[in-house]
Amino acid sequence: MAALTLLAAFMITEVVTAVVSGSLALLSDAGHMLSDIGAIAIALWAARLTQRRPQGSWTWGWKRAEILSAAVNGVTLLVVAIVVGVEAIQRLLTPPAVGGELIMVIAAIGVVVNIAVAWLVARASRRSLNVEGAYQHILTDLFGFIGTLVAGLVIVLTGWARADAIASLIICALMLRAAYSLLSQTGRILMEVAPASLDLNEVRQHVMGLDHVQSVHDLHAWTVSSDLPAVSAHIVVEDTCFSDGHAPILLAQIQQCLSGHFDLEHSTLQLEPPRHAGTENQTV
């Protein structure tokens with residue numbers, strides 16, 4: 001809430017100053033700051049949703065809320081970057097008069113405000129894509145203010161008004177970079193792609209290296225939320241495992257292998273005798 005208050009107060013000041021000075025860079029920063037406020041508000045809301053316990057048909061609870069929040073943050077970064085980029089190109093061709101001194105003052109204050117907000121947000125766990133989305137908004141804004149400060153200095157020293165539009169384009173590039181990172185990560189999770197750090201062939205080889213395991217098929221890995229990877233598999237084991245009571249021991253060994261070597265705490269495993277393979281459709 002402290003971060004939201006700081007951003008909201010400064011955004012109002014920045015909009016007024018942008019109108020008075022005629023600076024697109026300040027106005028683009030203000031637009032991005034509005035998306036920052038939305039990003040943090042959504043992050044707080046999503047964080048509360050993820051704490052809800054699973055019930056009824058919501059077997060995972062609301063853990064995916066943080067992924068949707070991060071995706072929304074990525075989309076807003078993309079939209080703001082496109083809108084500001086179009087206006088910046090127009091101003092690059094026909095630059096209006098811009099008040100450099102006022103830009104410098106507001107940009108300097110903006111740097112201080114965003115450092116404070118970035119520190120507040122960074123205190124939360126950035127392993128969460130939800131928090132990371134909000135943090136990327138703030139960090140991009142911080143770099144944007146630094147660029148705007150430099151642009152204001154150039155305008156004051158040389159009178160070159162195009163520096164404002166160039167600063168805006170740099171801000172757009174930073175926003176596009178952050179948007180791509182967030183959308184690519186959330187896209188992988190929403191499409192249930194295996195975690196980027198996980199090698200499924202290595203997982204298969206580890207499991208098959210255990211005694212009594214003959215083969216592994218229908219091996220799937222995905223991410224429910226940024227801190228909850230999951231895996232499922234059908235594992236063909238020797239017939240004797242089912243007759244001598246060794247199957248539960250082997251199951252525990254496999255789960256320990258997945259947890260210890262690959263940090264896969266949530267696993268759904270089906271142990272099968274060799275003759276069962278002909279009764280099902282094997283996909284992987």
**Student:** For V237 versus C241, what's the shortest heavy-atom pair and its separation?
**Tutor:** CG2-CB, 4.1 Å
**Student:** Measuring from atom CG of L190 to atom CG of L68, what distance do you get when rounded to the nearest 0.5 angstrom?
**Tutor:** 6.0 Å
**Student:** Taking atom CG of L228 and atom CD1 of I67, what is their separation to the nearest 0.5 Å?
**Tutor:**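 Spacing of CG (L228) from CD1 (I67) equals 10.0 Å.
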**Student:** Just wondering, do V231 and L198 contact through their side chains at under 4.5 Å, heavy atoms?
**Tutor:**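 Side-chain contact under 4.5 Å: no.
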**Student:** Taking atom CD of E87 and atom OG of S168, what is their separation to the nearest 0.5 Å?
**Tutor:** 9.0 Å
**Student:** Could you tell me whether the side chain of T223 reaches within less than 4.5 Å of the side chain of R188, counting heavy atoms only?
**Tutor:**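 Not touching, per the 4.5 Å side-chain cut-off.
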**Student:** Decide yes or no for D218 and S232: does some side-chain heavy atom of the first lie under 4.5 Å from some side-chain heavy atom of the second?
**Tutor:**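 A side-chain contact is absent here, since even the closest heavy-atom pair is not under 4.5 Å.
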**Student:** Membership question, hydrophobic clusters at under 4.5 Å side-chain separation (ILVMFWY): are W62 and W222 in the same one?
**Tutor:** no
**Student:** Would a single hydrophobic cluster contain both I146 and I109, if residues Ile, Leu, Val, Met, Phe, Trp and Tyr are joined by side-chain heavy-atom contacts under 4.5 Å?
**Tutor:**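 They do share one cluster, since a chain of ILVMFWY contacts under 4.5 Å joins I109 to I146.
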**Student:** Atom CD1 in I235, atom NE2 in H217: separation rounded to 0.5 Å?
**Tutor:** 9.0 Å
**Student:** Please round to the nearest 0.5 Å and tell me the distance separating atom CD1 of I115 and atom CZ of F145.
**Tutor:**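 The CD1 atom of I115 sits 11.5 Å away from the CZ atom of F145.
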**Student:** Hey, are the side chains of D211 and Q253 touching, using non-hydrogen atoms and a 4.5 Å cut-off?
**Tutor:**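 Answer no - side chains too far apart.
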**Student:** Could you tell me if the side chain of V236 sits less than 4.5 Å from the side chain of V213, heavy atoms only?
**Tutor:** no
**Student:** Measuring only between side-chain heavy atoms, which start at C-beta, is T148 closer than 4.5 Å to I171?
**Tutor:**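 In contact.
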**Student:** Is a side-chain N or O of R64 found less than 3.5 angstrom from the main chain of V224, in a donor-acceptor match?
**Tutor:**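 Checking the backbone N and O of V224 against the side chain of R64, a donor-acceptor pair under 3.5 Å is found.
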**Student:** What's the shortest heavy-atom distance between Q214 and P274, and which atoms?
**Tutor:**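 It is OE1-CG, 3.2 Å.
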**Student:** Do you know which two heavy atoms are closest between A167 and G147, and how far apart they sit?
**Tutor:** CB-O, 3.8 Å
**Student:** Please report the closest heavy-atom contact between G85 and L169, naming both atoms and the distance.
**Tutor:**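 Reported closest heavy-atom pair: O-CD2, 4.0 Å.
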**Student:** Using the rule that two of Ile, Leu, Val, Met, Phe, Trp, Tyr join whenever any of their side-chain heavy atoms come within less than 4.5 Å, decide whether I170 and I89 are in one cluster.
**Tutor:** yes
**Student:** Parallel under 30°, tilted from 30 to 60°, perpendicular over 60°: which one fits the rings of H261 and H206?
**Tutor:** tilted
**Student:** Have H246 and E238 got a donor and an acceptor in their side chains that come within less than 3.5 Å?
**Tutor:**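 No - no donor-acceptor pair under 3.5 Å links their side chains.
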**Student:** More than 12 heavy atoms of other residues, nucleotides or ligands under 6.0 Å from CZ of R162: is that the case?
**Tutor:**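 Yes, enclosed.
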**Student:** Of all the heavy-atom pairs spanning C172 and V84, show the shortest one and how long it is.
**Tutor:** SG-CG1, 3.6 Å
**Student:** Less than 4.5 Å apart, any side-chain heavy atom of I254 and any of L271?
**Tutor:** yes
**Student:** Please find the pair of heavy atoms, one from F262 and one from V203, that lie closest to each other, and give the distance.
**Tutor:** CZ-CA, 3.7 Å
**Student:** Answer with yes or no whether the hydrophobic clustering places I155 together with M104; edges join I, L, V, M, F, W, Y residues whose side-chain heavy atoms lie under 4.5 Å apart.
**Tutor:** no
**Student:** Is the count of non-hydrogen atoms from other residues, nucleotides or ligands lying under 6.0 Å from Q256 atom CD greater than 12?
**Tutor:**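 Not more than 12 within 6.0 Å, no.
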**Student:** Please confirm whether the backbone N or O of A65 pairs with a side-chain atom of S69, one donor and one acceptor, at under 3.5 Å?
**Tutor:** no
**Student:** Quick one: does any side-chain atom of S259 pair with a main-chain N or O of Q255 as donor and acceptor, under 3.5 Å?
**Tutor:**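 No, because the side chain of S259 does not come within donor-acceptor range (under 3.5 Å) of the backbone of Q255.
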**Student:** Is there a side-chain contact between F143 and R177, using heavy atoms and a 4.5 Å cut-off?
**Tutor:** no
**Student:** Check the pair S181, Q185 against side-chain hydrogen bond (donor to acceptor under 3.5 Å, both in side chains), reporting the backbone distance first and the verdict last.
**Tutor:** CA-CA 6 Å; S181 175; Q185 291 182 74; 3.1 Å; yes
**Student:** Do the side chains of F242 and V207 join up, straight or via other hydrophobic residues, at under 4.5 Å, putting them in one cluster?
**Tutor:**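 In one cluster: yes.
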**Student:** To the nearest 0.5 Å, what is the distance between CD (E101) and CG (L153)?
**Tutor:** 10.5 Å
